[in-house]
Amino acid sequence: MNLRIVGDLASFLSAKFNVPKEKINIQLEICPANMEGELTVNCFKLVPILKSRPDTVTDAVLEFISSHDDVISAGKIKAFVNFVLKVASLYRDTISKPRLILESAKFPEKDKRRVLIEYSAPNTNKPLHLGHLRNNTLGMSLASLLKRAGHDVFAVNLINDRGIHICKSMLAYMRFGNGDTPESTGKKGDHFVGDFYVKFDQALRKELAELREARPDLKDKSDEDLFALTAIGQEAQEILRKWENGDPETIALWKMMNEWVINGFSLTYKRMGVTFDKVYFESDTYKMGKDVAVSGEKAGLFKRRDDGAIIADLKPFGLTEKVLLRSDNTSVYITQDIGTTLMKDEDFHPDQQIWVVGDEQIHHFKTLFAILKVLGYKWADKLYHLAYGMINLPSGKMKSREGTVVDADNLFDDMHELAKNAAIERLGENIPEDIDRRSEMIAMGALKFMLLKFNPKTTIMFDPQASIKFEGDTGPYVQYVCARINSILRKYSTEGKTLSPEVNWGLMETKYEKQLAIVASLYPEALLSAAEKLDCSVLVNYLLDLAKAYNSFYRECSVLNAETEDLKMARIALSSAVRDIIADGLKTLTIDIPEAM
RNA sequence: GUUCCGGUAGCUCAGAGGAUAGAGCAUCUGACUUCUAAUCAGAGGGUCGUGGGUUCGAUUCCCUCCCGGAACACCA
């Protein structure tokens, strides 16, 4: 919102209190509904800047505002100055230049950065579930948001395609596969492989039970401890060894099964709209970072322990010692992450790297960032772990063993079906040809919106009965506003009329119209605040506010049946501007909008 | 044990020094011969986990404690 009166007030206060104008940052607020006025200056916030008493500041602000040309009325309550703008001034400074609003939702050129976002990072042993959907949605929407705000953004995926987990699926396939393939069974590749992972787990649990039966002394050991004592566990580890030694048969099976899974993932990604600038595979990167550990030790940055292991001392960072290279010269998880971080830096030269990874890895990333600081990389303090919370079900945590995991593809299908049924119910006889396309946009919009509405770090509760909604604070609620406006614009153009460049904005005098104009003009603040905080929920909640303001306006102020042709024109211009802003916002969040609903 | 995150309406969540703490859902009332009711208007519903402190002012910042979750590997 760029009101003339704000700049004028800053000049006035600057002169009166002898404070440089640049220091006077006035954030106008929307006046609470139960107060007299439309806009508010919170004078408490100016007190420290102007180094004066609240009363003095408030009186000065009130004096200036009430005598300003743009103002109809003003008053103060405590240290709040509430005022009402002249209608023409309000529109002049807000919605009458919609293109300007959209254009100013961008960081200035000098703040432009190169940002690299890594997200998704799936394991290739089973299909994606709701937790992955939160990751993917957060990652792709954040990438899109930062791009929209003016940064150069690169998104990468690091697929975890090697390790014991895929060996488990391979072993189960060797045992129970009968040479089936996704093609021969008609199953999506990731689900096909995931089923074998489940079969492995079932066989393992059977062996674990037998082992505990036969060896009472092991009864209290954890599954992890006993894994290497089971025949099936040993066999899986043998496959991992063969893989590491490049055994051709093992490699061939591994390649085949990974391809199945990744083909399956790409269908899910496509449906969500997930894309990457580059995809890394852990099978290529898992040995990286060793040389950094070694050269870091030579440079005196890391220590060599008596047994030969290389260790980073992170006590200055409030952390403990961390092994980077074992005494047998093999690397650990974090060593690999050091390597891939450096590789991504080489590949993209970003100013900032962001990882979208669950909050259970907060400690890991603190450690990683500390090590990179020890290594002296100047960009190390810009690294950011977007740590998001888990998703719980009413029954508690999602557990694959208990079959309570919400499968991504199934969820998509369920939501699509529900959206379609809801549409058919509303449309009655007139089922449009593109009903499936529409239902898909509504379903995916509802899902993404739901996942983005919460602050990323909160643990969220997903109740299928309650969370799958198309009414209230949802994506479809916002989409629906666009559909309504589209409908108005369609009807208007079939009247043979086009939007006039001459709009008399000042004709719109109701509180609904003015409120809508004010909220709409706050779009740049919302978008940039979301980008600055790396938090899409800021933008989501803004779009809900704007959609609400439009729906109130819609009910109270008829557009096509406005009293005069000029008023109709003005309301159409207002509606059109709101539609463009909402469309821009939803697109920024990677949410599509159906033309009609 | 240490560290981190959370505790706000019946439920799911916003608010992060400022006005009488908000939204959606659920419950109840009202509004479709009207530009799309996936909508709108209204009602009820709160000791902002507890106890202290900081100040003009604290749900917000600091400390105590209680409750829930997570992390603290030579696992990934």
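Each chain gets a letter, A, B and so on, in the order the sequences are listed, and its residues count up from 1.
Residue contacts shown for A/Asn123 are absent, as no nucleic acid heavy atom lies under 4.0 Å away. Nucleic acid contact class of A/Met35 (heavy atoms, under 4.0 Å, all strands): base. Within 4.0 Å of A/Asn329, counting heavy atoms only, lies no atom of the nucleic acid at all. Residue-level contact check: A/Asn486 touches neither bases nor backbone, having no heavy atom under 4.0 Å from any strand. The residue A/Glu282 sits close only to the backbone: its heavy atoms come under 4.0 Å of sugar-phosphate atoms, none of a base. Within the nucleic acid shown, A/Ala483 comes within 4.0 Å of at least one base atom, counting heavy atoms only. Contacts of A/Val559 with the nucleic acid, taken as non-hydrogen atoms under 4.0 Å apart, include base atoms. A/Ile460 comes within contact range of the sugar-phosphate backbone alone, with a heavy-atom separation under 4.0 Å but no base atom that close. A/Ser558 comes within 4.0 angstrom of a nucleotide base, judged by non-hydrogen atoms across all strands. A/Ala387 comes within 4.0 angstrom of no nucleic acid atom, judged by non-hydrogen atoms across all strands. A/Ala423 comes within 4.0 angstrom of a nucleotide base, judged by non-hydrogen atoms across all strands. Among the protein residues, A/Cys557 comes within range of the nucleic acid bases, having at least one heavy atom under 4.0 Å from a base atom. In this structure, A/Lys469 reaches the sugar-phosphate backbone alone: every heavy-atom distance under 4.0 Å involves primed, P, OP1 or OP2 atoms, never a base. Residue A/Phe470 is classed as a base contact, given a heavy-atom separation below 4.0 Å to a base.
Between A/Arg241 and A/Glu238, at least one side-chain nitrogen of the basic residue sits less than 4.0 Å from a carboxylate oxygen of the acidic one, meeting the salt-bridge criterion. Ion pairing of A/Lys76 with A/Asp59 is present here, as a side-chain N (NZ or NE/NH1/NH2) and a carboxylate O approach within less than 4.0 Å. Electrostatic pairing of A/Lys344 and A/Asp337 does not count as a salt bridge here, judged by no charged N lying under 4.0 Å from a carboxylate O.
Considering only residues two or more places apart in sequence or on other chains, A/Glu38 meets the salt bridge (charged side-chain N to carboxylate O under 4.0 Å, His left out) condition with A/Lys514. Listed by chain and residue number, A/Thr40, A/Asn42, A/Lys45 satisfy the side chain to side chain contact (heavy atoms under 4.5 Å, CB included) test with A/Glu29 (two or more places apart in sequence, or in another chain).
Within the cation-pi definition used here (under 6.0 Å to the ring centroid, within 45° of the axis), A/Lys168 qualifies as a partner of A/Phe227.
Between A/Ile311 atom CD1 and B/A73 atom C1' the separation is 12 Å, expressed in whole Å. If you take CD1 of A/Ile468 and P of B/G24, they are 21 Å apart, rounded to a whole angstrom. A/Lys457 has its NZ atom 15 Å from the P atom of B/C13, to the nearest Å. Whole-Å rounding puts the A/Glu471 CD to B/C40 C1' distance at 13 Å. Between A/Phe365 atom CZ and B/C4 atom P there is a gap of 19 Å when expressed in whole angstrom units. Between the NZ atom of A/Lys315 and the C1' atom of B/U3 there is a distance of 17 Å, rounded to whole Å. Rounded to whole Å, atom C1' of B/A76 lies 10 Å from atom CG of A/Asp337. Distance A/Asn561 CG to B/U36 P: 10 Å, rounded to the nearest Å.
Comparing B/A9 with B/C48, their P atoms sit 10 Å apart, to the nearest whole Å. B/G52 and B/C28: their P atoms are spaced 41 Å apart (whole Å). Look at the P atom in both B/U59 and B/U20: the space between them is 12 Å, to the nearest Å. Taking the P atoms as reference points, B/C63 lies 36 Å from B/G24, given to the whole Å. Nucleotides B/G46 and B/C40 have their C1' atoms positioned 26 Å apart, rounded to a whole Å. For the P atoms, the distance from B/A43 to B/G22 is 13 Å, rounded to whole Å. Using atom C1' as the reference point in both B/U60 and B/G49, the two lie 15 Å apart (nearest Å).
Taking 4.0 angstrom as the limit, A/Arg484 places none of its side-chain polar atoms (N or O) nearer than this to OP1 or OP2 of B/U36. Dashed line: the shortest gap from a side-chain N or O of A/Tyr480 to OP1 or OP2 of B/A38 is under 4.0 Å. Close to B/A14, at under 4.0 Å from its OP1 or OP2, lies no side-chain N or O of A/Tyr542. One finds no side-chain N or O of A/Lys366 lying less than 4.0 angstrom from the OP1 or OP2 phosphate oxygen of B/A71. Listed pair A/Asn34 / B/U20 fails the phosphate criterion, with no side-chain N or O lying under 4.0 Å from OP1 or OP2.
The side chain of A/Pro32 lies closest to B/A19 when the candidates are B/C13, B/U39, B/A19. Distances were taken from every side-chain heavy atom of A/Asp473 (C-beta onward) to each of B/G18, B/A23, B/A76; the shortest belongs to B/A23. Here B/A31 is the nucleotide among B/A31, B/G18, B/C4 with the atom lying nearest to any side-chain atom of A/Arg555. For A/Thr458, the side-chain atoms get nearest to B/A14 when compared with the rest of B/A14, B/U39, B/A76. Distance from the side chain of A/Met461 is smallest for B/C13 among the nucleotides B/A38, B/A76, B/C13. Comparing B/A38, B/A71, B/U20 by their nearest atom to the side chain of A/Pro476 picks out B/A38. For A/Lys78, the listed nucleotide lying nearest its side chain is B/A19; candidates were B/U36, B/A76, B/A19. Distances were taken from every side-chain heavy atom of A/Ser487 (C-beta onward) to each of B/A76, B/U39, B/U36; the shortest belongs to B/U36. Of the listed nucleotides (B/U36, B/A19, B/C13), B/C13 has the atom at the smallest distance from the side chain of A/Phe454. Closest approach to the A/Tyr333 side chain among B/U36, B/A71, B/A76 is made by B/A76 (side chain taken as heavy atoms from C-beta onward).
Across all non-hydrogen atoms, the minimal contact from A/Trp254 to A/Asp161 is NE1-O, 2.7 Å.
Remark: the backbone N or O of A/Cys167 is not paired with any side-chain donor or acceptor of A/Gln237 at under 3.5 angstrom. Of the possible donor and acceptor atoms, none in the side chain of A/Thr285 sits under 3.5 Å from a partner among the backbone N and O of A/Met288.
At a cut-off of 3.5 Å, with distance as the only test, a side-chain donor of A/Asn258 or A/Thr124 sits close to an acceptor on the other residue.
Between the base of B/A19 and the side chain of A/Thr40 there is a donor-acceptor pair shorter than 3.5 Å.
A/Met441 has its side chain out of reach of A/Ile593: every pair of non-hydrogen atoms, C-beta onward, lies at least 4.5 Å apart.
Summary of the strand contacts: A/His165 and A/Glu595 both lie near RNA chain B, and taking for each the nucleotide with the nearest heavy atom, the more 5' one is attributed to A/Glu595. When the nearest nucleotides of RNA chain B are assigned to A/Phe553 and A/Asp535 by heavy-atom distance, the more 5′-ward of the two goes with A/Asp535.
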Would you write out the dot-bracket form of RNA chain B, 5' to 3', with Watson-Crick and G-U pairs under 3.5 Å, [ ] for crossing pairs, | for pairs to other strands and . for unpaired bases? ((((((((.[[[[.)..(...]]]].(((((.......))))).....[.[[[..)....]]].])))))))....
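Applying ring pair (Phe, Tyr, Trp, His ring centres under 6.0 Å) to A/Trp355 and the options A/Tyr119, A/Tyr384, A/Phe365, A/Tyr388 leaves one that passes, A/Phe365.
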